[in-house]
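Single-structure report; data block below.
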Amino acid sequence: MPPVDVEWTSVIGLANRTLTTPALIDFVEKFAPMLPEDVCAYIRHIHRRNGLRNDRLAAQLEEAVVALNGHGITPILLKGASTLATAPEARRGVRIMSDLDIMVMPDEASTAVAALCGIGYDIHDQTPPESQRWHVDLNRSQDIGSIDLQQAAPGPAYLYQNLGDALNHCVPAPLGRARVYIPTPTFQALMLIIHDQFQDYGYWLGDLDLRHLVELRDLSDSAEPVDWGELTSLVSGEFMKNAVETQLIALAELLGVDIPIALRCVALPADFPPAIRAAVDASTLSGHTRASPVDEPSGPQKLPQRSEDRFDKNWREPTGIVVCAKS
């Protein structure tokens, strides 16, 4: 049953800000007789319009991959592009996306750029060849989304050191007239967590990407669900383990995903900003018990800023307290 006395203006405002409005369609269809008519109408309208937009993105994606295949490249689809390739048409409108993330191998990068430019794309932005995270943003005037061409998974490369070749965690799949590689649900989940916690600095800044949490929930509920035990086995070091388990706690507490209790312990840094610590204690980590202090590793103390173009892997994991979920 839906909660009573809901301030729907605030709910819709939050959904709009977090780009999760169309994801409310399942809730609306389940409880429509109990919800305000204008709320149902608005969410259905946004979901329908987003579905039309994503249909255009799906066609754009297929055209781009056909061009890449024509040059001997079978790309890996990341994030929303992977969702477009695998979701039933009826579910395409659930996720809002702004671009298409496509990964190619480093020795295929220049050929891939040429292939896309050959079908009308222009380079909007490109990192220098020596960048730690090379990518190219390409767009065309007639398209509604850009292509983010990459040659590595999101986040620092050393976080994937236990995984080996990315293709070992992907499966080949058709995409209309094209051929692609799709990451397994477990690999997709790991990349989303690394993207949020490390590439976007969520682990230090206390940020929470609700849209990606919803995606993680949907991956967990998919026909081939995420293997959370396998996911954590791919994580190397206590530092990365803490960051991953922070995300898993939020996933379990906020969206009710069944995360094994052993995977919901985290070292909460002692020098977290007070406001963030208070918010975490009040919501995400409510009902958890605290255990012993964490040993303090050596290394420089440096909090990454949003403006930085790289991740400082030498930033230490600060002294903190372990927070474990109650069973």
Query raised in the report: What's the spacing between L208 CG and D196 CG if we round to 0.5 Å?
Result: 8.0 Å
**Report entry** Where V226 and P185 come nearest, the two heavy atoms and their spacing
**Finding:** CG2-O, 3.7 Å
Report task. Show the numbers, then the answer: is there a side-chain contact (heavy atoms from CB on, under 4.5 Å) between L175 and L84? Result -> CA-CA 10 Å; L175 179 67; L84 278 180; over 6 Å; no
Query raised in the report: Hey, is R44 close enough to E29 for a salt bridge, meaning N to O under 4.0 Å?
Result: yes
Query raised in the report: Under a 4.5 Å cut-off applied to non-hydrogen side-chain atoms, are L159 and F198 in contact?
Result: yes
Report task. Can you measure from OG1 (T20) to CZ (R211) and round to the nearest 0.5 angstrom? Result -> 9.5 Å
Report task. For the pair D99 (side chain) and G145 (backbone), establish whether a donor and an acceptor sit closer than 3.5 Å, ignoring hydrogens and angles. Result -> no
Query raised in the report: Got a salt bridge between D26 and R91, using NZ or NE/NH1/NH2 to carboxylate O under 4.0 Å?
Result: yes
**Report entry** R133 and Q150: side chain donor to acceptor below 3.5 Å
**Finding:** yes
Query raised in the report: V28, I96: one ILVMFWY side-chain cluster at the under-4.5 Å cut-off?
Result: no
Report summary line: What one should report as the nearest heavy-atom pair of A115 and A67 is CB-O, 3.9 Å
Report summary line: d(Q247 CD, L190 CG) to nearest 0.5 Å is 11.0 Å
Query raised in the report: Quick one: are L138 and H124 in side-chain contact, heavy atoms under 4.5 Å?
Result: no
Query raised in the report: Is there a side-chain contact (heavy atoms from CB on, under 4.5 Å) between F31 and M34 once you walk through the steps?
Result: CA-CA 6 Å; F31 297 110; M34 308 174 195; 4.1 Å; yes
**Report entry** Side chain to side chain, I147 and L116, heavy atoms closer than 4.5 Å
**Finding:** yes
Query raised in the report: Is there a chain of hydrophobic side chains (I, L, V, M, F, W, Y, each step under 4.5 Å between heavy atoms) that links M97 to L192?
Result: no
Report summary line: Sorted by chain and number, sequence neighbours left out, ring-ring contact (aromatic ring centres under 6.0 Å, His included) with H135 holds for none
Query raised in the report: Does E230 offer a backbone N or O that forms a donor-acceptor pair with the side chain of D227 under 3.5 Å?
Result: yes
Requested in this report: Could you tell me whether the side chain of D221 reaches within less than 4.5 Å of the side chain of R217, counting heavy atoms only?
Outcome: yes
Report task. Evaluate the criterion side chain to side chain donor-acceptor pair (under 3.5 Å) for residue pair D137 and Q126; output intermediate values, then yes/no. Result -> CA-CA 6 Å; D137 291 331; Q126 181 173 357; over 6 Å; no
**Report entry** Min side-chain heavy-atom separation D165-Y160 under 4.5 Å
**Finding:** no
Report summary line: When rounded to the nearest 0.5 Å, the distance separating CE of M191 from CG of D101 is 10.0 Å
Query - Distance-minimising heavy-atom pair for V104 and A109 - result: CG2-CA, 4.0 Å
Requested in this report: Could you tell me how the ring of H169 sits relative to the ring of F187: parallel (under 30°), tilted (30 to 60°) or perpendicular (over 60°)?
Outcome: tilted
Query raised in the report: Do T184 and T186 have a side chain donor and acceptor closer than 3.5 Å?
Result: no
Query raised in the report: Heavy-atom distance under 4.5 Å between the side chains of C117 and I123, does that happen here?
Result: yes
Requested in this report: Would you check if L219 and P225 make a side-chain contact, meaning some heavy-atom pair closer than 4.5 Å?
Outcome: no
**Report entry** From D200, I194, I193, residue fulfilling side-chain contact (heavy atoms from CB on, under 4.5 Å) relative to Q197
**Finding:** I193
Query raised in the report: Are the side chain of R56 and the backbone N or O of D143 linked by a donor-acceptor pair below 3.5 Å?
Result: no
Query - Connected via hydrophobic side-chain network under 4.5 Å: L213 and L78 - result: yes
Query - NZ/NE/NH1/NH2 to OD/OE distance under 4.0 Å, D122 and R140 - result: no
Query - ILVMFWY network linking V244 to V214, side-chain heavy atoms under 4.5 angstrom - result: yes
Query raised in the report: Counting only N and O atoms by type, is there a donor-acceptor contact under 3.5 Å from the side chain of S220 to the main-chain atoms of L216?
Result: no
Report task. Verify the cluster assignment for L52 and Y42: are they in a single hydrophobic cluster under the rule of side-chain heavy atoms below 4.5 Å apart? Result -> no
Requested in this report: Would you indicate whether D258, at its atom CG, is surrounded by more than 12 heavy atoms from other residues, nucleotides or ligands within a distance under 6.0 Å?
Outcome: no
Query raised in the report: What is the minimum heavy-atom distance between E108 and G72, and which atoms define it?
Result: OE2-O, 4.4 Å
Report task. Could you go through the side-chain contact (heavy atoms from CB on, under 4.5 Å) check for V94 and I25 one step at a time? Result -> CA-CA 7 Å; V94 172; I25 189 64; 4.3 Å; yes
Query raised in the report: What distance separates T246 OG1 from L251 CG, expressed to the nearest 0.5 Å?
Result: 12.5 Å
Query raised in the report: Is a side-chain donor or acceptor of Q151 paired with a backbone partner of W134 at a separation under 3.5 angstrom?
Result: no
**Report entry** For V180 against V65, the heavy-atom pair lying closest together
**Finding:** CG1-CG1, 3.5 Å
Requested in this report: State the NZ-CG distance between K30 and L35, to the nearest 0.5 angstrom.
Outcome: 11.5 Å
Report task. Assess whether side-chain contact (heavy atoms from CB on, under 4.5 Å) is satisfied between I102 and D148, documenting all intermediate values. Result -> CA-CA 6 Å; I102 299 176; D148 187 356; over 6 Å; no
Query raised in the report: Is it the case that N16 and T21 place a side-chain donor and acceptor less than 3.5 Å from each other?
Result: yes
Requested in this report: Check whether any side-chain heavy atom of M105 sits under 4.5 Å from a side-chain heavy atom of I76, and report yes or no.
Outcome: yes
Query raised in the report: Are more than 12 heavy atoms from other residues, nucleotides or ligands located less than 6.0 Å from atom CD of E37?
Result: no
Query raised in the report: Of the non-hydrogen atoms in M103 and A166, which two are nearest, and what is the gap between them?
Result: CE-CB, 4.0 Å
